[in-house]
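Order of appearance sets the numbers: ligands from 1, and atoms from 1 within every ligand. Predicted model, so just to flag it, every value in this text is computed and none were measured.
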Amino acid sequence: MSEVLNIEKIGQIRGNVISEISKLRSKDEISNLRIKYLGRKGIVSKLLRSIHEIPIDQRKIFGQKLNILKEELELLFEEKSNEGFNEFDQFNKEKSLQDISLPGRKGIIGNLHPTSKVVREICKAFTPMGFQIVEGPEIELDKYNFELLNIPKDHPSRDMFDTFWVDWKNDKDEYPLLMRTHTSPMQARVMEGSIPPIRVLVPGKVFRYEATDASHEWHFFQVEGLAVDKGITFADLKGTVYEFARAIFGSERKIRFRCDYFPFVEPGVDVSIDCFICEGGGCRVCSKTGWIEIMGAGMVHPKVLSSVGYDPEIYSGFAFGMGVERIAMLKYGIEDIRLFYSNDLRFLKQF
Ligand code: FA5
């Protein structure tokens, strides 16, 4: 026996175990300490195995003492294991400065952008009238954005739509791709791919080469509407627009229809709502007119119907395209459209 075994030594081992065991923080640590003392090569086990090395007259007494120590240590380890370690206790003990029983910090939950909110409200107003929601590409072919909508290459109305062309030429040396200037290209796309009756609503982003002011942005959202069937008349268009305006603005707002020109409708109108700020008196938001234009609309032009293979003698339809931010401005009393995309949280958090 290399070390002198005496009562003091046994007491010392006991003391060490008691002190070490009090610091243990997990079952793994208990197991490691148990192995250190009581494992096959543990301190106490080794002493027990070497008992034959001590003088025979002391062997019995030390044997008894060591066995008592072993039993006591077994008990201590068992008690410590039963203390009920769980992940939280363990975590707390390891990171004593953190008290994970404290209530958690409230997560930051964002809110919908006012444009998204209004798009959803518009869709909700039209779906009970049988309109289906569809979406289209933001990068569009000239063919859909202009040609099929009765806006050929030399048409003057292209000027007001002069926009962001995509730097890609086709084999005719043309630039046929652009950031769409309105959601109307989806009129042709939907008609090409379906058989009437059609009733669709197309929300989406559009882009224009436009100087910005309180009511004009260079990128904004539109919602296009299209209904095609046998026997659709202008009265259906008016009824649908009134129903929508009542659902969104309530019955007190005034609605105005005025003749307007869009190459893809005949007759064409613009629809305005009386200005919410000046109540019709004239201010900078309504450009001193007392009215805010919210949509262009009209009966689908016979040329457009023909270009997608529909017989205009059989089918007729109406279409409209509204500006979402303008509707949000009216609904929430927002005085400058540029607030929508300037990323100012003081503005965005209000919705
Ligand atoms: C059009 O874009 C047509 N495609 C609408 C249409 C569809 C007419 C179907 C007939 C049939 P317009 O350029 O007027 O039309 O735009 C439609 C609406 O978008 C406007 O009434 C307005 O509410 C909104 N709008 C237009 N330009 C801007 C702009 N720069 N910033 C914000 N909103 C705008």
Side-chain angles (χ1 to χ4, degrees), residues 114-115 118-119 122 131 136 140 144-146 148-151 155 157-164 178-191 198 200-228 232 234 236-238 240-241 244-245 248-249 255-273 275 285-287 289 291-301 303-305 316-331 334 336-341:
T115 305
V118 172
V119 166
I122 294 169
F131 283 80
E140 188 51 282
Y144 290 104
N145 199 82
F146 296 126
L148 291 176
L149 293 175
N150 195 26
I151 312 177
H155 199 287
S157 84
R158 280 205 182 208
D159 292 349
M160 75 175 182
F161 280 138
D162 200 6
T163 189
F164 303 104
L178 72 157
M179 310 292 279
R180 69 176 171 193
T181 59
H182 50 174
T183 41
S184 298
M186 278 303 283
Q187 288 185 29
R189 282 185 179 273
V190 168
M191 283 192 277
I198 294 169
V200 289
L201 205 65
V202 191
K205 198 167 185 180
V206 302
F207 308 83
R208 294 209 184 155
Y209 182 64
E210 179 115 55
T212 58
D213 62 26
S215 56
H216 292 83
E217 257 293 1
W218 65 268
H219 60 121
F220 55 99
F221 274 72
Q222 285 190 336
V223 175
E224 190 82 8
L226 173 73
V228 183
I232 292 215
F234 198 86
D236 296 312
L237 168 61
K238 274 191 103 173
T240 306
V241 171
F244 151 74
I248 295 283
F249 302 114
I255 302 165
R256 182 184 75 175
F257 283 79
R258 264 191 337 181
C259 285
D260 202 350
Y261 173 71
F262 300 96
F264 37 96
V265 287
E266 181 58 46
V269 287
D270 74 55
V271 182
S272 303
I273 302 270
C275 180
V285 177
C286 61
S287 309
T289 61
W291 296 92
I292 295 186
E293 185 198 313
I294 56 160
M295 67 168 85
M299 300 304 290
V300 182
H301 199 288
K303 276 195 182 165
V304 175
L305 292 171
S316 57
F318 66 76
F320 55 82
M322 64 181 93
V324 175
E325 292 79 3
R326 297 263 181 97
I327 290 173
M329 288 170 84
L330 281 162
K331 222 178 138 51
I334 300 163
D336 197 319
I337 198 170
R338 290 166 291 197
L339 286 166
F340 282 82
Y341 306 113

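Taking the six-membered ring wherever Trp is involved, the centroid distance between the rings of H182 and F264 falls below 6.0 Å.
Between L201 and V223 the shortest side-chain heavy-atom distance falls below 4.5 Å.
By the salt bridge (Lys or Arg N to Asp or Glu O under 4.0 Å) test, R208 pairs with no residue at all, sequence neighbours left out. Scored by the salt bridge (Lys or Arg N to Asp or Glu O under 4.0 Å) test, R256 finds no partners at all (sequence neighbours excluded). E224 is linked by a salt bridge (Lys or Arg N to Asp or Glu O under 4.0 Å) to nothing, counting only residues two or more places apart in sequence or in another chain.
Near ligand 1, heavy-atom contacts under 4.0 Å come from H182, S184, Q187, R208, E210, S215, H216, E217, F220, Q222, E224, F262, F264, V265, E293, I294, M295, G296, A297, A319, F320, G321, G323, R326, I337.
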After noting the C-alpha distance and the side-chain angles of H219 and Y341, does the key distance pass the side-chain contact (heavy atoms from CB on, under 4.5 Å) rule? CA-CA 9 Å; H219 60 121; Y341 306 113; 3.8 Å; yes
